[in-house]
Amino acid sequence: MRILHLSDTHLYGDPAARHYGRIDTAAALRGVLSRLQGLRDIDAVVHTGDASEDGTIESYRRLHEILDPFAAACGAPLAVVMGNHDVSSVYGEGIAPGQRVAERQDRVVPLAGGGRLVLLDTSVPRAGYGHLEAEQRDWLAAVLADPAPAGTVLALHHPPLVAATPLQRALDLDGLAELGAVLTGTDVRIVLAGHYHHAMTGSIAGIPVHVAPGIANVVDPLTAGVDEQALALSGVSVIDLGEGPPQLLSAVHPNRGDTFEEAGRPVYSFSPEQVARIVAAAGRGAEDRSR
């Protein structure tokens, strides 16, 4: 299996809207795709969430207007995961209902050659962190109880990893031990995720995890403890699943949707005080988060 993995497009229903007042996110996505025209032998195009910034049906229609023709040209299915900025019920009503329940985007996507994608919806309405209900874990266990001939790729927005920065750690996925227990001994070959806006690797239950860099911007993960910042870049990954360990390739380029004239200036730079306010509004606050 060869998978094109992209994430965090943050599209708007209003084409004039700009991310952080600066990034034309539709142009950023088109710019990334323009660099991939020569890509061959893609078995799936996977978008691991925050497809939309505002959760509107217009933003999801714009996403599919851009990505559907690209995926079709690759001869590959397009699979879209829901992130913390997405609204699952809007996507379910306007684009496609979920398979487990209509308003949640948990689904199985069969792939040519006997592989499959399993998508899990980790979004929590009006929150930034990720969560899986017991019903979702039970559904996943039932799906994985019947292995696919070429194995399974699990895709979700919030990575099942410990994040690199204080902001991201406050907005991460809870219940990692419970998810790991479901994945142990299954045919899952890799877990794909987004959310962090920078490339990252790790593992859960001995299974590799890959986080794709963001399309709307790319976070600098090495500024923890000072200002947390994102740069006017766009990234994408290709995952090759052969006989051995997965080959993970990521590329980052200047953001084609950047409307700012001063090169090199971060898209945002959050002080620790700003991070604390964001966490208070979108995170779990002082709630104990056992893993």
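Both backbone and side-chain heavy atoms feed into the values below; hydrogens, waters and symmetry mates do not.
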> Below 4.5 Å, heavy atoms only, C-beta onward: do L179 and L132 meet side chain to side chain?
Replying inline: yes
> Are L36 and L4 close enough, and set up right, to give a side chain to side chain contact (heavy atoms under 4.5 Å, CB included), and what steps lead you there?
Replying inline: CA-CA 10 Å; L36 301 174; L4 177 62; 3.9 Å; yes
>> Quick check against the 3.5 Å criterion: does Q99 have a side-chain atom that pairs as donor or acceptor with the backbone of V108?
In response: yes
> Do R100 and E135 have side-chain heavy atoms sitting under 4.5 Å apart?
Replying inline: yes
>> Using 30° and 60° as the class boundaries, would you call the ring planes of Y91 and Y60 parallel, tilted or perpendicular?
In response: perpendicular
> Measuring from T165:OG1 to D220:CG, what's the distance to the nearest 0.5 Å?
Replying inline: 10.0 Å
>> Nearest 0.5 Å, please: how far is CG in D187 from CG in L154?
In response: 10.5 Å
> Does V101 belong to the same Ile/Leu/Val/Met/Phe/Trp/Tyr cluster as V124, with side-chain heavy atoms less than 4.5 Å apart forming each link?
Replying inline: no
> Any idea which heavy atoms bring F70 and L33 closest together, and the distance?
Replying inline: CE1-O, 3.9 Å
>> Using only atom types and a distance under 3.5 Å, with no angle test, would you say the side chain of S250 pairs donor to acceptor with the backbone of A199?
In response: no
> Looking at H10 versus Y20, is the centre-to-centre ring distance below 6.0 Å?
Replying inline: no
> Same cluster or not: are L29 and Y12 linked, directly or through other Ile, Leu, Val, Met, Phe, Trp or Tyr residues, by side-chain heavy atoms under 4.5 angstrom apart?
Replying inline: no
> Looking at V162 and M200, what are the two nearest heavy atoms and their distance?
Replying inline: O-CE, 3.4 Å
> Are side-chain heavy atoms of L248 and I190 found at a separation under 4.5 Å?
Replying inline: yes
>> One pair to check against side chain to side chain contact (heavy atoms under 4.5 Å, CB included): V267 and R265. What are the steps and the verdict?
In response: CA-CA 7 Å; V267 175; R265 182 173 174 179; over 6 Å; no
> So, does E228 use its side chain to make a donor-acceptor pair with the main chain of F270 at under 3.5 Å?
Replying inline: no
> What pair of heavy atoms forms the shortest contact from D54 to G13, and how long is it?
Replying inline: OD2-N, 2.8 Å
> If you measure from OH on Y268 to NE2 on H19, what distance do you get to the nearest 0.5 Å?
Replying inline: 8.5 Å
>> Can you give me the closest heavy-atom contact between H198 and P221, atom names plus distance?
In response: NE2-CB, 3.5 Å
> In terms of side-chain heavy atoms, does N84 have a donor or acceptor partner in H157 at a distance below 3.5 Å?
Replying inline: yes
> Would you find a donor on one side and an acceptor on the other, under 3.5 Å apart, between the side chain of D8 and the backbone of H195?
Replying inline: yes
> Rounded to the nearest 0.5 Å, how far does CD1 of I23 lie from CG of D258?
Replying inline: 4.0 Å
> Can you find a pair of side-chain heavy atoms, one from L156 and one from T48, that are under 4.5 Å apart?
Replying inline: no
>> Within the 4.5 Å heavy-atom criterion, are D138 and Q136 side-chain neighbours or not?
In response: no
>> Using side chain to side chain contact (heavy atoms under 4.5 Å, CB included), reason through I3 and L192 one step at a time and then give a plain yes or no.
In response: CA-CA 10 Å; I3 297 169; L192 304 182; 4.1 Å; yes
> If you measure from NE2 on H158 to OG1 on T122, what distance do you get to the nearest 0.5 Å?
Replying inline: 5.0 Å
>> With rounding to the nearest 0.5 angstrom, report the CD1 to CG distance, I278 to L171.
In response: 8.0 Å
> Okay, side chain of D86, backbone of G83: is any donor-acceptor separation there less than 3.5 Å?
Replying inline: yes
> Side-chain heavy atoms under 4.5 angstrom apart, residues restricted to Ile, Leu, Val, Met, Phe, Trp, Tyr: same cluster for L173 and L144?
Replying inline: yes
> Shortest non-hydrogen contact from L63 to A51?
Replying inline: CD2-CB, 3.8 Å
Solution key, residues 110-121 side-chain donor-acceptor pairs under 3.5 Å, sequence neighbours excluded:
| residue | atom | partner | partner atom | Å |
| --- | --- | --- | --- | --- |
| R116 | NE | T152 | OG1 | 2.5 |
| R116 | NH1 | V143 | O | 3.4 |
| R116 | NH1 | D146 | O | 3.1 |
| R116 | NH2 | V143 | O | 3.4 |
| R116 | NH2 | D146 | O | 3.1 |
| R116 | NH2 | T152 | OG1 | 3.2 |
| D121 | OD1 | S123 | N | 3.1 |
| D121 | OD1 | S123 | OG | 2.6 |
| D121 | OD2 | S88 | OG | 2.5 |
| D121 | OD2 | Q105 | N | 3.0 |

>> I'd like to know whether T25 forms a side chain to side chain contact (heavy atoms under 4.5 Å, CB included) with T9, so could you lay out the CA-CA distance, the side-chain angles of the two residues, the decisive distance to 0.1 Å, and finally the verdict.
In response: CA-CA 6 Å; T25 52; T9 47; 5.8 Å; no
>> Membership question, hydrophobic clusters at under 4.5 Å side-chain separation (ILVMFWY): are V46 and M1 in the same one?
In response: yes
>> Show the nearest heavy-atom pair for residues S234 and V32, with the distance to one decimal.
In response: CB-CG2, 3.5 Å
> Ignoring hydrogens and geometry, is there a side-chain-to-backbone donor-acceptor pair from Y129 to R169 under 3.5 Å?
Replying inline: no
Enumerate donor-acceptor pairs with a distance under 3.5 Å from any side-chain N or O in residues 201-219 to protein atoms, sequence neighbours excluded.
| residue | atom | partner | partner atom | Å |
| --- | --- | --- | --- | --- |
| H210 | NE2 | S237 | OG | 2.8 |
| N217 | OD1 | H197 | ND1 | 2.9 |

> Taking only residues at least two apart or on different chains, which pairs with a member in residues 24-50 satisfy salt bridge (charged side-chain N to carboxylate O under 4.0 Å, His left out)?
Replying inline: R18-D24
> Taking side chain as C-beta onward, heavy atoms only, is V81 less than 4.5 Å from H47?
Replying inline: no
> Does any non-hydrogen side-chain atom of L39 lie less than 4.5 Å from one of V238?
Replying inline: yes
> Would a distance-only check, ignoring hydrogens and angles, find a side-chain to backbone donor-acceptor pair under 3.5 Å from E93 to V90?
Replying inline: no
>> Do P15 and R62 have side chains that approach each other closer than 4.5 Å (heavy atoms only, starting at C-beta)?
In response: yes
> If Ile, Leu, Val, Met, Phe, Trp and Tyr residues are connected whenever their side-chain heavy atoms lie under 4.5 Å apart, and connections chain through other members, are V109 and M82 in the same group?
Replying inline: no
